[in-house]
Amino acid sequence: MRQSTKGRDGTVRRLRNRLAGALLSVLAVTLTATGCGGSSEAASGGDGGDGGSSRAAPAGKSVANRVEPLAQSPEPRLPVTVRSADGERVTVERAERIVPLSGSLSEIVFTLGLGDRVVARDVTATFEQAAGLPVVTRGHDVSAESVLSLKPDLVIAETTTGPEEAVGQIRAAGVPVLFVEAAKGLDDVGPRIEAVADALGVPAAGQELTRRSEQRIAAVRGDVPHGDRPRVAFLYLRGSASVYLIGGADSGAGSLIEAAGAVDAGAASGLDKDFTAITSEALVEAAPDAILVMSKGLESVGGVDGLVKIPGIAQTPAGMDRRVVSVEDGVLLNYGPRTDQVLKSVVAQLYGEDGDR
């Protein structure tokens with residue numbers, strides 16, 4: 001990995017956005033840098049060039065490229081005053097023109113049934129209903145001018161959204177900005193939904209969506225096969241930028257891996273940071289039975305054939321078995337309304353349709 005320490009550290013800091021996510025912020029930056037906009041591909045690891053992976057995603061287990069709004073669209077009851085995650089009290093008087101600054105937050109607004117009020121999107125909002133919206137931000141590259149030109153009533157941001165100066169400029173223009181804690185795991189699904197719903201004046205809808213999301217996640221967890229727990233390493237890959245990282249305790253993927261009945265191999269091997277540069281030694285210590293990746297990351301290294309050429313990968317049980325689990329970049333670590341689908345896809349790919357390991 002030919003990156004300076006300074007450059008690599010910068011990448012890791014950006015990954016912290018939803019990687020756990022999410023990572024959604026750095027994902028936006030790297031998607032743009034590598035020419036990979038949103039991904040709507042099936043979670044097959046499939047870039048068309050993996051040369052016959054033995055662990056392609058089972059048919060019908062990819063994550064839907066649409067969000068599923070609540071049956072009845074709620075009517076916001078405003079004004080409301082809520083506490084933002086940055087400690088500020090934010091008063092929302094209108095919610096006719098909403099700008100969510102991450103794909104995960106866009107998913108929540110749309111799934112609450114208020115998508116017709118969203119006037120712009122982040123590059124990581126890759127689901128179908130948001131596709132026609134103008135892109136005004138790429139995670140850590142928020143354009144204050146572009147956001148303000150849309151005359152928003154409310155801007156919703158992650159606590160990791162930046163640059164700080166741009167967000168400050170939006171607030172200084174008199175636009176309410178609500179910060180929501182960045183997601184780190186499954187336990188964040190409900191609180192994030194309810195934080196957004198409360199700010200939009202639809203708390204009952206937030207509670208309903210939280211119940212629906214948590215029930216669906218619980219149903220998937222109930223179907224996870226029992227037995228020996230496979231070790232799964234989460235790798236963040238961007239081949240064109242020579243970025244090859246293995247997730248540790250703070251990567252954000254641990255919660256998802258554990259919900260799938262597996263062990264986070266990076267964390268279990270003692271990697272206590274969010275991400276560490278891949279080395280043969282780190283991979284030997286992690287000894288993963290399977291590898292979890294984002295689909296565009298897998299594509300960027302040439303599919304499974306390219307993945308196993310990364311030094312150390314072929315010597316792991318996962319590399320020898322070509323056991324790779326891939327999920328679309330824009331949704332893997334969102335920890336939002338589609339997380340049950342993400343978990344279902346991971347479980348199906350990890351164990352196979354018949355539940356065998």
Side-chain angles (χ1 to χ4, degrees), residues 11 13-41 43 62-67 98-111 115 118-143 146-147 150 155-163 166-167 178-184 188-189 192-193 196 234 236-238 241 243 251-253 256 274 293-300 326-339 341-342 345:
T11 299
R13 282 195 300 272
R14 291 192 297 272
L15 284 170
R16 203 181 277 273
N17 183 8
R18 186 19 279 143
L19 284 175
L23 170 100
L24 290 182
S25 174
V26 73
L27 168 60
V29 175
T30 52
L31 283 175
T32 303
T34 58
C36 302
S39 170
S40 60
E41 302 168 356
S62 62
V63 179
N65 194 38
R66 292 180 58 83
V67 298
I98 305 167
V99 177
L101 296 182
S102 78
S104 179
L105 294 172
S106 291
E107 280 194 23
I108 293 173
V109 177
F110 272 84
T111 311
V118 177
V119 296
R121 68 181 178 96
D122 177 77
V123 72
T124 58
T126 60
F127 55 95
E128 185 176 309
Q129 293 100 319
L133 294 171
V135 175
V136 296
T137 173
R138 289 173 167 80
H140 275 77
D141 188 24
V142 174
S143 169
S146 295
V147 172
L150 295 168
V155 170
I156 311 175
E158 308 271 355
T159 49
T160 47
T161 298
V167 179
L178 175 77
F179 281 95
V180 178
E181 289 287 355
K184 297 180 180 179
D188 296 320
V189 172
R192 282 167 56 85
I193 289 173
V196 173
F234 175 45
Y236 182 79
L237 310 170
R238 281 299 178 265
V243 175
S251 74
L256 185 67
D274 44 12
V293 292
M294 294 180 177
S295 57
K296 285 295 182 181
L298 184 62
E299 180 180 349
S300 77
S326 71
V327 178
E328 293 90 336
D329 301 47
V331 71
L332 176 59
L333 296 178
N334 270 6
Y335 292 118
R338 288 192 290 171
T339 294
Q341 296 180 46
V342 173
S345 178

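In what follows, every heavy atom counts, from backbone to side chain, and hydrogens, waters and symmetry copies are set aside. This structure is a prediction, so every number in the text was calculated from the model and none was measured.
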- request: Taking all heavy atoms of Val136 and all of Val99, pick out the closest pair and write down the distance.
  value: CG2-CG1, 4.1 Å
query: Roughly how far, to the nearest 0.5 Å, is the CG atom of Leu333 from the OH atom of Tyr236?
result: 10.5 Å
task: May I ask you to decide whether Asp274 forms a salt bridge with Lys184, counting only side-chain N to carboxylate O separations under 4.0 Å?
output: no
message: Any heavy-atom pair between the side chains of Tyr335 and Val342 that's under 4.5 Å?
response: no
query: Under the 3.5 angstrom rule, does the side chain of Ser326 hit a backbone N or O of Ser295 as a donor-acceptor pair?
result: no
query: When rounded to the nearest 0.5 angstrom, what is the spacing between CG in Asp329 and CG in Asn334?
result: 11.0 Å
query: Distance from Asp122 atom CG to Asp141 atom CG, nearest 0.5 Å?
result: 10.0 Å
statement: Tightest non-hydrogen contact, residues Ile156 and Ile98, listed as CD1-CG2, 4.0 Å
Closest non-hydrogen atom pair between Val327 and Ser345, with its separation: CG2-OG, 4.1 Å
field: side chain to side chain contact (heavy atoms under 4.5 Å, CB included) assessment of Lys296 paired with Glu328
entry: CA-CA 7 Å; Lys296 285 295 182 181; Glu328 293 90 336; over 6 Å; no
message: Evaluate Leu256 against Leu332 for side chain to side chain contact (heavy atoms under 4.5 Å, CB included), listing each step before the verdict.
response: CA-CA 9 Å; Leu256 185 67; Leu332 176 59; 3.7 Å; yes
task: Mind listing the closest non-hydrogen atom pair of Val331 and Glu107 along with its distance?
output: CG2-OE2, 3.9 Å
field: Partner set under side-chain contact (heavy atoms from CB on, under 4.5 Å) for Val167, not counting sequence neighbours
entry: Thr161, Val177, Phe179
message: Applying side chain to side chain contact (heavy atoms under 4.5 Å, CB included) to Phe127 and Ser106, what does each step give before you reach the verdict?
response: CA-CA 9 Å; Phe127 55 95; Ser106 291; 4.0 Å; yes
query: Considering all heavy atoms of both residues, which atom of Val155 and which atom of Leu101 are nearest to each other, and what is their separation?
result: CG1-CD1, 3.5 Å
message: Can you give me the closest heavy-atom contact between Arg338 and Ala64, atom names plus distance?
response: NH1-O, 2.5 Å
Derivation and outcome, side chain to side chain contact (heavy atoms under 4.5 Å, CB included), residues Ile108 and Arg192: CA-CA 8 Å; Ile108 293 173; Arg192 282 167 56 85; 4.2 Å; yes
query: Mind checking whether Val67 and Gln129 have side chains closer than 4.5 Å, heavy atoms only?
result: yes
